[in-house]
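Right, one structure below, let's go through it.
The figures that follow rest on heavy atoms only: side chains count, while hydrogens, waters and symmetry mates do not.
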Amino acid sequence: MSRVWDIPVHDSTRVRDVRVAAEEAGAHARLDAHRTAVAALAATELATNLLKHAGGGRVLINLVELPPADDGARGPSVQLFALDHGPGIPDIGAAMRDGYTTVDTSLGAGLGTCLRMSSAFDLHSAHGRGTVVTARIDGRSTDSRAGGASRTRAGGINVPLGRAEHSGDAWSWARSGPRTTLMLADGLGHGVKAAEASATAVDELRRTAHLPPAELLRHLHTALRRTRGAAVAVAQLDEDAGELRFAGVGNIGARLHDGGSWQPLVSHPGIVGAHFPAGVPLRRVPWHPDSLLVLHSDGLPSRWTPPDDARLLTHDPAVVAAVILRDASSPARPVRDDTSVAVLAPRPPDPHP
């Protein structure tokens, strides 16, 4: 079960709260003192930027565990998100220069320094619509490109209802040969018991990612019988075959972007761990270089609007997930449940092979 930190940032007193939360997250992720300090510095800078340039926003901190790297070294990471509905960044190139700052109260680190210190960093900004920044802090300073030569990447965001410590939602992904499996689980109800159910699903995925989706769901059903159960969706991409296979039980939403349009992928009614259906339909769809898959729990409004910014779909999947969540909610339209969004996307060509 992973902790989640959700800190609204609307005055200077919350900057300290963000720093303390990042230090707590570093301890939970078992980062060493230096990498924990990096997480705290990046989080502080992101919070300061929200106040100075966006009129406020929120910082979310998730703990994520990536598939093992080629050298087998991988552990929990601290994933920082800064979300706002501000004016956007007018000159992203200038803002990303190392040490660039426009205010005396800044630490002088700037987004460029956050980029340099983070294991992975990305941002998306749109004029008049706001900015989303994400920084991942691993136990190492550079992205080891988990999974080596895989042509696929995944990312997500998880937000607890009412800023609780634990979310009943969880997402994870795993690799087995040419197959990449993305899973999203929504434990029944809220709080610790719901989080235990979704965490059990994550643990089981790590042991059964080699199985096809329907069989994997049956294994999850057995594992979740000792919990209160969950809605679960599994999407498995076979990179060699160029095919995505999808199966879900319960109210997990899924939409596939392909060829410029969005199509829904429908889960079957039921509860994994409690009321498992006799048969789970399997959906097979082609996967192309411009495909993108979004899974989400029912905390996201059912009629959320898919992003229409083609540039956004090329960003880190964690950024795509955060923009979808931000745009589907607002202070006037808050989420009414634990909410998670997970995204599966092709890895763009390496500009420096």
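One hydrophobic cluster, built from ILVMFWY side chains closer than 4.5 Å, cannot hold both V202 and V64; they sit in different ones. When the side chains of ILVMFWY residues are joined at heavy-atom separations under 4.5 Å, either directly or via intervening members, L182 and W287 end up in a single hydrophobic cluster. V59 and V4 fall into different hydrophobic clusters, where Ile, Leu, Val, Met, Phe, Trp and Tyr residues are linked whenever their side-chain heavy atoms come under 4.5 Å apart, directly or through other members. Taking hydrophobic clusters as Ile, Leu, Val, Met, Phe, Trp and Tyr residues chained together by side-chain heavy-atom distances below 4.5 Å, V249 does not share a cluster with I252. L313 and L325 fall within the same hydrophobic cluster, defined by Ile, Leu, Val, Met, Phe, Trp and Tyr side-chain heavy atoms under 4.5 Å apart, directly or through other members.
Here the side chains of W262 and P307 are in contact, with some heavy-atom distance below 4.5 Å. By the 4.5 Å heavy-atom criterion applied to side chains, R14 and D11 are counted as neighbours. Residues D298 and D186 are in side-chain contact: their nearest non-hydrogen atoms beyond the backbone lie under 4.5 Å apart. D290 is not listed as a side-chain neighbour of P346, based on a closest heavy-atom distance of 4.5 Å or more. The side-chain heavy atoms of V234 and T181, taken from C-beta on, include a pair separated by under 4.5 Å. Side chains of V232 and M183 form a contact here, defined as non-hydrogen atoms less than 4.5 Å apart. Residues R3 and H166 form a side-chain contact, since some pair of their non-hydrogen atoms from C-beta on lies under 4.5 Å apart. Residues D258 and V285 form no side-chain contact, since every pair of their non-hydrogen atoms from C-beta on lies 4.5 Å or further apart.
A side-chain donor-acceptor contact under 3.5 Å links D122 to the backbone of D316. Side-chain atoms of D309 come within 3.5 Å of backbone N or O of R311 as a donor-acceptor pair. Here the side chain of S167 pairs no donor or acceptor atom with the backbone of N158 at under 3.5 angstrom. Not one N or O on the side chain of R218 forms a donor-acceptor pair closer than 3.5 Å with the backbone of F276. No side-chain donor-acceptor contact under 3.5 Å links R19 to the backbone of L41. In this structure, the side chain of D238 does not engage the main chain of E243 through any donor-acceptor pair within 3.5 Å. N62 contributes no side-chain N or O that, together with a main-chain N or O of I157, makes up a donor-acceptor pair within less than 3.5 Å. Between the side chain of R30 and the backbone N or O of A27 there is no donor-acceptor pair closer than 3.5 Å. A donor-acceptor pair is defined here as one N or O able to donate and one able to accept, closer than 3.5 Å; such a pair exists between the side chain of T227 and the backbone of L224. Put simply, the side chain of S291 gets close to the backbone of H288: a donor and an acceptor are under 3.5 Å apart.
To the nearest 0.5 angstrom, E45 atom CD is 10.5 Å from L50 atom CG. Atom SG of residue C114 and atom CG of residue L123 lie 10.5 Å apart, to the nearest 0.5 angstrom. Interatomic distance, CD of E215 versus CG of L282, reported as 12.0 Å (0.5 Å rounding). Of the inter-residue distances, the one linking H219 atom NE2 with T208 atom OG1 reads 7.0 Å to the nearest 0.5 angstrom. Here the straight-line distance linking atom CH2 of W5 with atom CD of E165 works out to 8.5 Å at 0.5 Å rounding. We find the CG-CZ distance between L60 and R163 to be 9.5 Å, quoted to the nearest 0.5 Å.
Between the side chains of E239 and T152, a donor-acceptor pair is found at a separation under 3.5 Å. Judged purely by distance below 3.5 Å, without hydrogens or angles, the side chains of E65 and S172 never pair a donor atom with an acceptor atom.
Here the closest heavy-atom approach between residue A209 and residue Q236 is recorded as O-NE2, 3.4 Å. The minimum heavy-atom distance linking L295 with A254 is given by the pair CD2-CB, 3.5 Å. Summarising the geometry of G155 relative to A321, their closest heavy-atom pair is O-CB, 4.4 Å, with the distance given to 0.1 Å.
Crowding of H10 atom NE2: a count of heavy atoms from other residues, nucleotides or ligands under 6.0 Å exceeding 12. Crowding of R16 atom CZ: a count of heavy atoms from other residues, nucleotides or ligands under 6.0 Å not exceeding 12.
With a 6.0 Å cutoff to the six-membered ring centre and a 45° limit on the axis angle, R255 counts as a cation-pi contact of W304.
Salt-bridge annotation for R129 and D327: present, with a side-chain N of the basic residue lying under 4.0 Å from a carboxylate O of the acidic one. Between R35 and D32, no side-chain nitrogen of the basic residue sits less than 4.0 Å from a carboxylate oxygen of the acidic one, so the salt-bridge criterion is not met. Ion pair R206/E204 not flagged as a salt bridge, since none of the NZ, NE, NH1 or NH2 atoms sits closer than 4.0 Å to an Asp/Glu carboxylate oxygen. The pair E196-R228 does not meet the salt-bridge criterion, since no charged nitrogen lies less than 4.0 angstrom from a carboxylate oxygen.
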### Message
Could you go through D169 and S198, starting from their C-alpha distance and side-chain angles, then the distance that decides it, and tell me whether this counts as side-chain contact (heavy atoms from CB on, under 4.5 Å)?
### Response
CA-CA 6 Å; D169 293 354; S198 58; 5.8 Å; no
### Message
Before you tell me yes or no, could you show the steps for R58 and I7 under side-chain contact (heavy atoms from CB on, under 4.5 Å), namely the whole-Å CA-CA distance, both residues' side-chain angles and the distance that decides it to 0.1 Å?
### Response
CA-CA 6 Å; R58 67 197 294 194; I7 308 103; over 6 Å; no
### Task
Carefully, step by step, assess E23 and T36 under the rule side chain to side chain donor-acceptor pair (under 3.5 Å).
CA-CA 6 Å; E23 291 171 344; T36 297; over 6 Å; no
### Task
Kindly indicate, with the supporting measurements, whether the criterion side-chain contact (heavy atoms from CB on, under 4.5 Å) is fulfilled by L66 and W173.
CA-CA 7 Å; L66 305 180; W173 61 306; 4.0 Å; yes
### Task
Begin with the C-alpha distance, continue with both residues' side-chain angles, and end with the deciding distance and a verdict on side chain to side chain donor-acceptor pair (under 3.5 Å) for S77 and D138.
CA-CA 5 Å; S77 303; D138 297 345; 2.3 Å; yes
### Task
Show your working on side-chain contact (heavy atoms from CB on, under 4.5 Å) between L111 and F121 and close with a plain yes or no.
CA-CA 9 Å; L111 294 177; F121 180 96; 4.2 Å; yes
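Outside the 6.0 Å centre-distance limit, the rings of W171 and H296 are not counted as a close aromatic pair.
Paired with L300 under the rule side-chain contact (heavy atoms from CB on, under 4.5 Å), one option of V159, D337, I324 passes, and it is I324.
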